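Remember, it's a predicted structure, so these values are computed and weren't measured experimentally. Below, chains carry the letters A, B, ... as their sequence lines are ordered, and counting in each starts from 1.
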Amino acid sequence: MNDVEQAILAEVARIPRGRVTTYGAVAARAGLPRRARLVGRVLSSLPESSRVPWHRVIAAGGRIAFPVGTAPHEQQCRRLRCEGVETRNGRVDLQRYGWQGTRGDLDRWLWRVGDEN
DNA sequence: CAAATGACGGGGT
DNA sequence: AACCCCGCCATTT
């Protein structure tokens, strides 16, 4: 595994339980702007045994990347539901569950923790 | 080597 | 909101 994949997985692992973020956002935070597709490719190559929370990564606009009705789609919805994230018609409300990862994040705002610059 | 293919994104209709 | 189209780029045909 190279450093690029490492950076991407590190960002995915940073997403808090019960929150979600997009492929594009992960790429940007990993220092790879406009490389959303790469994020998807890396996640698709994860072994079943991986503990990386891949289900917290969704497509732009809160859409679940897998086609509605497919097994992987159902699995992702199930995993999200387990941590309190509700999915409606294959989508997640980003206004409510979206995680930006930096300034403006609800958690940091509430607890005043992390890098405040 | 050319063309198709994605766990994508954004802009236009 | 739902498509379509095009940019993106590592892999696979």
Could you tell me the separation between the [atom1] atom of [X] and the [atom2] atom of [N], rounded to a whole number of Å?
X       : N      : atom1 : atom2 : answer
A/Leu32 : C/dG7  : CG    : C1'   : 17 Å
A/Gln76 : B/dC8  : CD    : P     : 11 Å
A/Ile64 : B/dG6  : CD1   : C1'   : 18 Å
A/Arg35 : C/dT11 : CZ    : P     : 10 Å
A/Leu46 : B/dG6  : CG    : P     : 19 Å
A/Ile8  : B/dA7  : CD1   : P     : 15 Å
A/Glu74 : B/dA7  : CD    : C1'   : 15 Å
A/Tyr23 : B/dG9  : OH    : C1'   : 13 Å

Checklist entry - With a non-hydrogen cut-off below 4.0 angstrom, is A/Arg63 in contact with a base, only sugar-phosphate, or nothing? => result nothing

From [options], nucleotide with atom closest to [X] side chain:
X       : options               : result
A/Phe66 : B/dG9, B/dA7, C/dA10  : B/dA7
A/Ala60 : B/dG10, C/dA10, B/dA7 : B/dG10
A/Leu38 : C/dA10, B/dG9, B/dA7  : C/dA10
A/Ala65 : B/dA7, B/dG9, C/dA2   : B/dA7

Atom pair [atom1] ([X]) and [atom2] ([Y]), whose distance is rounded to the nearest 0.5 Å:
X       : Y       : atom1 : atom2 : answer
A/Leu43 : A/Trp54 : CG    : CH2   : 9.0 Å
A/His55 : A/Thr87 : NE2   : OG1   : 12.0 Å
A/Arg81 : A/Arg78 : CZ    : CZ    : 7.5 Å
A/Glu86 : A/Tyr97 : CD    : OH    : 4.0 Å

Checklist outcome for this item: The answer to which of A/Arg34 and A/Glu5 contacts DNA chain C further toward the 5' end, by nearest nucleotide, is A/Arg34

Checklist entry - Taking atom types as they are modelled, is there a donor-acceptor pair under 3.5 Å from the base of B/dG6 to the side chain of A/Arg41? => result no

Next on the checklist: Any side-chain to backbone donor/acceptor pair from A/Thr22 onto A/Ala60? Under 3.5 Å, distance only.
Outcome noted: no

Next on the checklist: Below the 4.0 Å mark, does C/dG7 have OP1 or OP2 next to a side-chain nitrogen or oxygen of A/Arg37?
Outcome noted: no

